[in-house]
Peer 1: 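Please see the structure below; I have some questions.
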Amino acid sequence: MEPLYKPQGVEERWQGTWEAEGLYNAEPGSGRETFVVAHPPPNVTGALHTGHALQISLADSLVRWHRMRGFETAFLTGYDHAGISTQNAVEKHLASQGKTRGDYGRDAFVELVWDWLREYGGTIMHQFRRMGASMDYRRERFTMDDAYVRAVMRFFVHLHRKGWIYRANRIINWCPFHETALSDLELVHEDVDDALTYVRYPFVDDLASGVTIATARVATILGDVAVAVNPNDERWRDAIGREVLVPFVERAVSVIADERVDPEFGTGALKVTPAHDPLDFEIGRDHGLPEPSVIGPDGRMSEEAGELAGLSQEEAERRILDWIKERGWLERREAYRHTIALCERCKTRIEPLISLQWWCSMEELKKPALEALRSERVRYHPESQHRFAIESLENAPDWNISRQIWWGHQLPVWECPEGHETVEEAEPERCSECGSTELVRSEDVLDTWFSSALWPFAILGWPEETPELDAWYPGTLNTTAREIIRLWENRMIFSGLELMSEIPFSHVIIHTTVLAPDGRRMSKSLGTGMDPLDLVDEHGADATRYGLLKISSSQDVRFSLTAVEEGRKLANKLWNVSRLILANVGDAQPEARPKSLEEEWMIARLDSAHATITERFDEFDFAGVARRLYHLTFDEFCDWYAEAIKPRLYEGDADAQPTALALLERLLKYLHPVMPHVTEEIWSHLPHRTERLIVSAWPEWDGRYADRQPVFEQIRTAAEVFRRSGVMPALTEDQRRIFEAVVRPERVKADSDAPAEIARLEEEVARAEGMLANERFTSKAPSEVVQAEREKLERYRRELDALRN
RNA sequence: GGGCGGUUAGCUCAGUUGGGAGAGCACCUGCCUUACAAGCAGGGGGUCGCAAGUUCGAGCCUUGCACCGCCCACCA
């Protein structure tokens, strides 16, 4: 064993060994209590980012802890096909060769995606392994596996038969680049500098006056079917019911009243374009207005735009503005900064369009899920996120589940020439209504999250009845980022309840968002991202895991390299104290048979750490676990226990050796869930150990020596006084032996500063005396607090006496 | 605009029923001590964002304000 611990090489070796020896494997039917984590499936095209690394660190520490505690642990993993994201990646690849998906056609394109994935996809599992994630990689699943596809089809048909899936023409978010609908949750928003145009729509019967509206989308004027004002707006009260002319198309439309119009914005009058604005759409439907679409799926002016058909929106806007100016209807234009929606994948500006899409009603699905959340059968952690999850589900709108892309699960819907729809899991022979055999399958695919919603049970073989499904559903917990609550977590809960009649897991851990060191979000486009594998290469997976856990306490945290470096130091410290012990125990067998104060005290400290670690893990306070491990190792095990027994080890004290080995083993076990590699490596150097640490038993609590702690603490106080002042306080023989081993008084320089120490203690005595002299304190404070203060005062007086002699 | 989180040492952060302000890093001093110089021992450094309130006592509880951040959002 070298003095410097180098994780490089060691970690990969153990990762290979653990997996090869089948120690990550989960088997159903062991009869043991289960601990099941269906880890969030990363995008099949993705690479490990900091969020993944944190998620792995959290989940794997819990999994390893439970494995050692004797649970049957199933840490399950796989890939998400990530419809739009993957298609986008492949299309970019094609674009670099000057091609488009249109050059291939649907079937060839989908084949191309599969080829592309075989070439470039599926790298992240290697990175999970490199983090030390103890997943059962044999059971890796993919949402496009045949079995998984069958589960998705079953889910769709099930919901359709219940009447909860329907088709409707509604306004949706349209990405003109991908030419597909998107849910609200697949958008990003960006502030842009635009112009707000004030246009007068003249009254039909009085062209000299009219209603002035303000718009940021001049091109959509062609689709106006009304002007709306707030009914309480005095300025426009007389205009309600009159007719105005829509510019350019010179269509006469009514001025209507609607509460949803904000009188504060612009002039308080809104042009109503139902086909191209979500609010206008609602107003239009409620007032029974027509819905002319003047912008097409390609983002250009459509046939209904008449003479402007085929133009870009910018060109159309110029033409319309010229027309308005000529007639003097343009009141003014002003600079206007506002927020627009973009496709999160290609950053193309979203067009709100009316489109025939498939929807999933939330009305019935969400009821049992809400009950499960309100009764806390499923609990989000922290509590604030639990409330947010409930509110999100309460307000969940119907879910647009169809997408007009090619990569994904094609809808199990077949149409005959009569327009009848047949919905079956597999291709039907004839139309269910007219018997026609000329069936054409819907071209739409399902929203990626529709299949993700089945993850906890589809990966176990559902809808087949498998041993895995029987053993591991419901699972235990799930870890995820905050923004995934509505996209995924809530949907797993309601789909699990609907199809399995049981919640998929009991706990959802919403983990920290790791920000860049400057406080901005980590993202590739901002250039603030970082590759966690660089950390792993430089500092080791153990240090990286420790560092990420250490900073995982609050909702958002800035990444701090010092936390990872602290982890590296911890690994090195552990390595070296192990060298000390292993080099001086001969062929002793590990056995805790304490014969001295420092041994008893160390056992009491290990007991204390045992309690804290259990408590912190149970609360999902991973930073708290990391903190306790650090101080247990550095302050208690190394600085005091190891220093105290060192002289005995050098002398070959046969009593010290077996206990030292036993306590080191216990320390290694406590550290293993967080730092698996270095602990397993040290474990492999222990004499007579054949079993692996990863599957060794979590230590039992001892509990015999809690009362030895005050006796030991007197040595620590004595050391403090001595180092500050050079004065040697009175100690028992046993205490003095430990004191001399740890403090090495012969090495402490004789620049004693007794006067300063006396002054410090005098201040303390005065403070304590003051408090105890305050009658309001002694009469109102709890008696324990007063008693503790009296004891402190006495201790200070004793120390002071020792110094003054 | 809404929700949530944050504001404590130069930096990143702990502070768990209200009872003497802490850690790591950085900085300074002294030590190559037969585990570790990626170490050991010691030290300096903080009106706990601001203002009121409750209390014998507030970093912690209440109210208001300010600033920072994340997430969400159909003011055209």
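Below, each value reflects all heavy atoms present in this structure, side chains not excepted, and no hydrogens, waters or symmetry copies. Numbers restart at 1 for each chain; the letters A, B, ... are given by sequence-line order, proteins then strands.
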Peer 1: Say you pick atom P in B/G64 and the same atom in B/G24; how far apart are they, in whole Å?
Peer 2: 38 Å
Peer 1: Counting only Watson-Crick or G-U wobble pairs whose two distances fall under 3.5 Å, which nucleotide matches B/C72?
Peer 2: B/G1
Peer 1: Round to the nearest Å and state the distance from A/Tyr546 atom OH to B/U12 atom P.
Peer 2: 18 Å
Peer 1: Can you tell me the distance, in whole Å, between the CZ atom of A/Arg349 and the P atom of B/A76?
Peer 2: 10 Å
Peer 1: Ignoring hydrogens and angles, state whether a donor on the side chain of A/Ser560 or A/Lys550 is under 3.5 Å from an acceptor on the partner side chain.
Peer 2: no
Peer 1: Look at the aromatic rings of A/Phe722 and A/Phe739 and report parallel, tilted or perpendicular, splitting at 30° and 60°.
Peer 2: perpendicular
Peer 1: Examine B/C40: is either OP1 or OP2 under 4.0 Å from a nitrogen or oxygen in the side chain of A/Lys573? Give yes or no.
Peer 2: yes
Peer 1: Relative to the 5' end of RNA chain B, which residue comes earlier, A/Arg579 or A/Phe388, by the nucleotide with the nearest heavy atom?
Peer 2: A/Phe388
Peer 1: Could you tell me the Watson-Crick or G-U partner of B/G22, where both distances fall under 3.5 Å? Say none if there is no partner.
Peer 2: B/C13
Peer 1: Give none if B/G45 has no partner; otherwise give the nucleotide forming a Watson-Crick or G-U wobble pair with it, both distances under 3.5 Å.
Peer 2: none
Peer 1: At under 4.0 Å, does any side-chain N or O of A/Arg482 touch on OP1 or OP2 of B/G69?
Peer 2: no
Peer 1: Write down the partner of B/U54 under the Watson-Crick or G-U wobble criteria, each distance required to be under 3.5 Å.
Peer 2: none
Peer 1: Any donor-acceptor pair under 3.5 Å linking the side-chain atoms of A/Thr212 with those of A/Arg200?
Peer 2: no
Peer 1: Any side-chain N or O of A/Arg558 less than 4.0 Å from the OP1 or OP2 oxygen of B/U12?
Peer 2: yes
Peer 1: Ion pair present between A/Glu351 and A/Arg217, side-chain N to carboxylate O less than 4.0 angstrom?
Peer 2: yes
